[in-house]
Every structure is written in C-alpha cells, then in structure tokens.
Protein chains: 2
Amino acid sequence: MSLNRAQKKEQTRRLLINAALAQLSDERSFGSLSLREVARQAGIAPTSFYRHFQDMDELGLTLVDEAGLTLRQLMRKARQRIESGGSAIQTSVETFMEYVTNNQNIFRLILRERSGSSRLFRAAVSREIAHFCDELADYIQSITPCDRAFARVQADAMVALVFNAGTEALEQQSGEQRRALTTKTVVQLRMVAAGSQTLRQQGAAVGGR
Amino acid sequence: MSLNRAQKKEQTRRLLINAALAQLSDERSFGSLSLREVARQAGIAPTSFYRHFQDMDELGLTLVDEAGLTLRQLMRKARQRIESGGSAIQTSVETFMEYVTNNQNIFRLILRERSGSSRLFRAAVSREIAHFCDELADYIQSITPCDRAFARVQADAMVALVFNAGTEALEQQSGEQRRALTTKTVVQLRMVAAGSQTLRQQGAAVGGR
DNA sequence: TAATTCAGCGTACATGTGTCAGCTAAACTA
DNA sequence: TAGTTTAGCTGACACATGTACGCTGAATTA
C-alpha cells in the first residue's frame, strides 16, 4: 500500500500533467496556463513544480509526446478494423473522428501548437504529423504499388484533409453535424484516392514524367 | 497640412493596428500581446488605447477583418491572372503562396486564431474561410457544371489543402523549399480535381446517388 | 542506528498587468 | 469670442506572475 519515493514522485508528476490537461479547453490554450495555476490545481506549492519540470515548456512537450502516443495507438486500432473487413477510408476517418471527440483537449493542443509561438513545440508537432504521414504512405504503397514520393504527396494531402476535419469537428457538438462532417471527409479522401490513380495512369502514359 | 481631429484620431488608430501587427511574429501570438506593449509601440499612453478600442479583442477582430480583405483582393488578382491564360490551379497556388510570403504575420494570425482560445476570433476566421470556399465553389461550378453541394465539398478540400500548404510555407525560408511546396500543392489539387471528376461520373452512372 | 537525500513548503521580491480618476490643451461649435 | 468636446496624459491601485532562498520531515542508504 505504501509507495516508494520514486513512485510518489511519479504520482505527483502525473498530477501535474493531468492538472494541465484539465485546464485546457476551447477557451484556454497551453500558453495561457501559468505555472502557479497548474501547481494549484495539482495541489502542490508553486515552487515544488520545479522538482518535476524545469519549465512549463517541458511539461507542454511532454503533453505533445503523449498525444503522439495516443495517436499511434489509434492508428493501430484503425488498421485492425480494416483487416477485419470494411473500407479503409471510411474506417480511418471514423476512427479519427472518434479520437478527436474523445480527446478534444489534447487534439486541440496539437492543432494549436502546430502553428504556435514556440519553435520547439512546432517542431515536436511537426515530427508527430510527419510520422503519421510516413505510415500512411507506407500503407498506400502496400495497397497500390507506386513511386514513394508520389505516395507521400498523396498521404500528405489525406492527412491534411483529416486534420482539417478534426479542426472543424471541434466546433460542432451535435452528433448529426459530426456525422455529416465524417461523410464529407470520406468523399474528400475518395477524391484524392481516385485522382491520384488518374494522375498515376496519365503520368505512366506520358512516360513517368 | 494640418489635420482635423477625426483624421488625427484615425491616424493613431492605424498606429495601434500597425503596432500590433509589428509585434506579431513566429514567436509572438496576438493573445500574448499586452495592451501596454501595443500602446507603447504606438507611442501613446496605455490609457489612451481605450479612446480607440474597448478591448484588445476589438483590435484583434479588426486585424482579422483586414486579413480577410487582403485575401479577397488576392483572389481578384488570381482570377485576373487566370483569365489572361494559364492553369487555374497553378496560378491560384502561386498567388496564394505569394500572399503568405508577403503577409506572414497576418496569415499566421488567421491560422492561429482559427483554433485559438476565443470563440469570437474563431467565428470571425471561420466566416472568412467560408467566404473563400463559397467563391471557389462558384468558380468550380462555372467551369464544370455540377451539383452545388458536391462543388462545395470539392472547394472545401482544395481550400484545406492550400491553407495547409500555407502553414508549411511559414516554416520554410529557402525559396527552393517554397517552390517544391508549391508544386506539391499543385499536384494535390490536381488529385482533388481529377478525383472529383471521376466521382461525378461514377455517381451519374449509378444514378446520382 | 546515524547520515544523507530530496519532495514539498512558506516567504519574499521584482516585474508586468488592466484599468480607474482626474487633468490639460487643442480642436470644434455656436 | 466663449463654451464644449475629447485625444492623450500622469499617477495610482490591486493583482498575478516566475523564481530565489532556505527549511522540514520522511524515505533511503550505509
């Protein structure tokens, strides 16, 4: 029952992380959180914060990493659903929308820090998204063998559209709206998929140029 | 030479607007600007700020409106270039990239406030983008007659891709990178254009469903 | 058991903030 | 010209912030 010192430390570290996460909302960005607020919500003295993080920045980067992790788990889940039948596009979009709905604060964090005021944060988010695109490009190539660079361009487009849908999803509360958004996004991805096939054929006909 | 009272007031109002704009950068978001900083940069006392804006929010919304205006001007310019020959997609993307390059701070403002912490700001940006999409949908219909809703879905996708490219453009400084980004975006838009044509044909064959 | 480590605390300070109250002087109006 | 309006000013206020310093007591180690 009694915890280790290390365990106890890890515990309050989580308390801080959760405190920060809890303060995030549609009206509150990470940059607007103060060290004192987070410490207060975690139930520790402001100065004790430094026992766990050097900076608020360090806390923030931790959050971004956690978000990336959750995203990767999400990807795996989507792949599983696809293997057991169903449209890859439809399933992926549904999975993503589900994620956004269930992790609004953390997804908002990613969206905001993507073009936020900290180079470090932007770089961190950029890495996560690049990872996302890479894996999708892999998948595209495994389904439709083609030039790597081309697959990457297609993957980038698809990820951009899905993230854009995520942005819009955050503004909607009714399930009805969200469902409409999902089908819209599915159509958009189908456009990209179909179009990329067309371009591939044309390119091949002209001689790979 | 001597200005009347109203003119002078308008003049310092512009001073405030420009001061805010000047403080924005890749490391400084509008939300992080203080009333005092802006007033200082404009060369007036903090309390005089209130003679022109009720709030920093009011100033911010003014900036968003100005950005929208600039964007509309940009659109017109693009249409002109297209009418005098040239690919619509290529020309549009080039025009947009040019805009982003020349108006980094104001475009960043839009990007950030799109999913920022103020409902008002988000709504304002959302309106501007919707306007953007509407006009593009008009254009698509004028070129390729089709269902309005369908054109709108296509337009949304294209605008999302272009804005995404804008986001990426802000991270790049070499003209080389920017040119690569432009061609990538052009390919992505061609994918959407080609794909939407395919879907339209398929949809018609199945019976408009 | 005795010595060491260290998570968390309280106090304190300098700094920046938004905004209130009231003044001045120049521009306007009648 | 005499009276009014008003853009901009100074001074002051209460408040929140980040963080330096040094203490305490429990957990750990030797």
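Since the structure is predicted, the reported quantities are computational estimates derived from the model, not experimental observations. Proteins come first, then strands; the chains are lettered A, B, ... in the order of their sequence lines, and each starts at number 1.
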S.K.: Could you check whether B/Arg13 gets within reach of a base, just the sugar-phosphate, or nothing at all, counting any heavy atom under 4.0 Å?
M.R.: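 Nothing, no heavy atom under 4.0 Å.
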S.K.: Does a donor on one side chain sit under 3.5 Å from an acceptor on the other, for A/Glu94 and A/Gln90?
M.R.: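 Their side chains do contain a donor-acceptor pair, which is all the 3.5 Å distance test asks for.
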S.K.: Whole-Å distance between D/dC9 P and B/Tyr50 OH?
M.R.: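 Nearest whole value for this atom pair: 14 Å.
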S.K.: Roughly how many Å is it from CZ in A/Arg36 to P in D/dT17, rounded to a whole number?
M.R.: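 It works out to 6 Å between those atoms.
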S.K.: Out of D/dT19, D/dA7, D/dC9, which nucleotide sits closest to the side chain of B/Ser48?
M.R.: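 Selected nucleotide (nearest to the side chain): D/dC9.
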S.K.: Measure the spacing between CZ of A/Arg179 and OG of A/Ser174 and express it to the nearest 0.5 Å.
M.R.: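 One gets 8.0 Å once the value is rounded to the nearest 0.5 Å.
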S.K.: Without decimals, in angstroms, what is the distance between A/Arg40 CZ and D/dC15 C1'?
M.R.: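 So the CZ-C1' distance, A/Arg40 to D/dC15, works out to 12 Å.
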S.K.: So, A/Arg122 versus A/Ser126: side-chain donor-acceptor pair below 3.5 Å or not?
M.R.: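 There is no such pair (donor and acceptor under 3.5 Å, judged by atom type) between the side chains of A/Arg122 and A/Ser126.
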S.K.: Closest nucleotide of DNA chain D for B/Lys9 versus for B/Thr47: which of these residues is on the 5' side?
M.R.: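 Its nearest nucleotide lies further toward 5', so the answer is B/Lys9.
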S.K.: Could you check how far CG of A/Leu33 sits from C1' of D/dT17, rounded to whole Å?
M.R.: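 Rounded to the whole Å, the gap is 13 Å.
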S.K.: Would you mind reading off the distance between B/Leu35 atom CG and D/dA16 atom C1', rounded to a whole angstrom?
M.R.: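 Going from B/Leu35 (CG) to D/dA16 (C1'), I get 17 Å.
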S.K.: Assess the residue pair B/Arg108 and B/Leu170 against the criterion (side chain to side chain contact (heavy atoms under 4.5 Å, CB included)); give the C-alpha distance rounded to whole Å, side-chain angles, the decisive distance to 0.1 Å, and a yes or no.
M.R.: CA-CA 8 Å; B/Arg108 245 192 300 256; B/Leu170 289 177; 3.3 Å; yes
S.K.: Can you give the first and last nucleotides of DNA chain C, 5' to 3', that have an atom under 4.0 Å from a heavy atom of chain B?
M.R.: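 In short, chain B contacts DNA chain C from C/dT17 to C/dC28.
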S.K.: Taking all atoms of both residues into account, what is the closest heavy-atom pair of A/Gly86 and A/Thr91, and its distance?
M.R.: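 Closest heavy-atom pair between A/Gly86 and A/Thr91: C-OG1, 4.2 Å.
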S.K.: Does the pair B/Glu58/B/Arg13 count as a salt bridge with the N-to-O cut at 4.0 Å?
M.R.: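 Result for this pair is no, no salt bridge flagged.
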S.K.: Would you mind classifying the nucleic acid contact of B/Ser34 as base, sugar-phosphate or nothing, using non-hydrogen atoms under 4.0 angstrom?
M.R.: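 The answer is sugar-phosphate, as B/Ser34 gets under 4.0 Å only of primed atoms, P, OP1 or OP2.
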S.K.: Taking the six-membered ring for Trp, are B/Phe163 and B/Phe107 parallel (under 30°), tilted (30 to 60°) or perpendicular (over 60°)?
M.R.: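 Geometry flag for B/Phe107 against B/Phe163: tilted rings.
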S.K.: Strictly below 4.0 Å, heavy-atom distances to any atom of DNA chain D: list the hits from residues 51-64 of chain B, or just say none.
M.R.: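 Here the set is B/Arg51, B/His52.
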S.K.: Do A/Glu128 and A/Glu113 pass the side chain to side chain contact (heavy atoms under 4.5 Å, CB included) test, and can you show the C-alpha distance, the side-chain angles, and the key distance before you say yes or no?
M.R.: CA-CA 12 Å; A/Glu128 299 294 341; A/Glu113 299 309 328; over 6 Å; no
S.K.: Step by step, would you call A/Val153 with B/Met191 a side chain to side chain contact (heavy atoms under 4.5 Å, CB included)?
M.R.: CA-CA 10 Å; A/Val153 170; B/Met191 283 178 180; 4.2 Å; yes
S.K.: May I ask you to check whether A/Ser196 and A/Arg200 show a side-chain donor-acceptor distance below 3.5 Å?
M.R.: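 Yes, because at least one side-chain N or O of A/Ser196 sits under 3.5 Å from a partner of the opposite role on A/Arg200.
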S.K.: When every nucleotide of nucleotides 25-30 of chain D is labelled 5' to 3' by its protein contacts under 4.0 Å (heavy atoms), B for base, S for sugar-phosphate only, - for none, what sequence of letters results?
M.R.: -BBS--
S.K.: Is a salt bridge present between B/Arg152 and B/Asp134, judged by a nitrogen-to-oxygen distance below 4.0 Å?
M.R.: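 Judged by the 4.0 Å cut-off on N to carboxylate O distance, B/Arg152 and B/Asp134 do form a salt bridge.
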S.K.: Students often get this wrong, so: under 4.0 angstrom with heavy atoms, is A/Gln11 touching a base, only sugar-phosphate, or nothing?
M.R.: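 The residue A/Gln11 makes no contact with any strand.
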S.K.: Report the C-alpha distance between A/Phe132 and A/Met75 in whole Å, list the side-chain angles of each, state the deciding distance to 0.1 Å, and finish with yes or no for side chain to side chain contact (heavy atoms under 4.5 Å, CB included).
M.R.: CA-CA 9 Å; A/Phe132 207 82; A/Met75 298 274 300; 3.5 Å; yes
S.K.: Describe the nucleic acid contact of A/Thr12 in one word from base, sugar-phosphate, nothing, applying a heavy-atom distance below 4.0 Å.
M.R.: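 Sugar-phosphate contact only - A/Thr12 comes under 4.0 Å of backbone atoms but never of a base.
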S.K.: Let me know the distance between CD of B/Glu10 and P of D/dG8, rounded to the nearest Å.
M.R.: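 It is 11 Å, rounded to the nearest whole Å.
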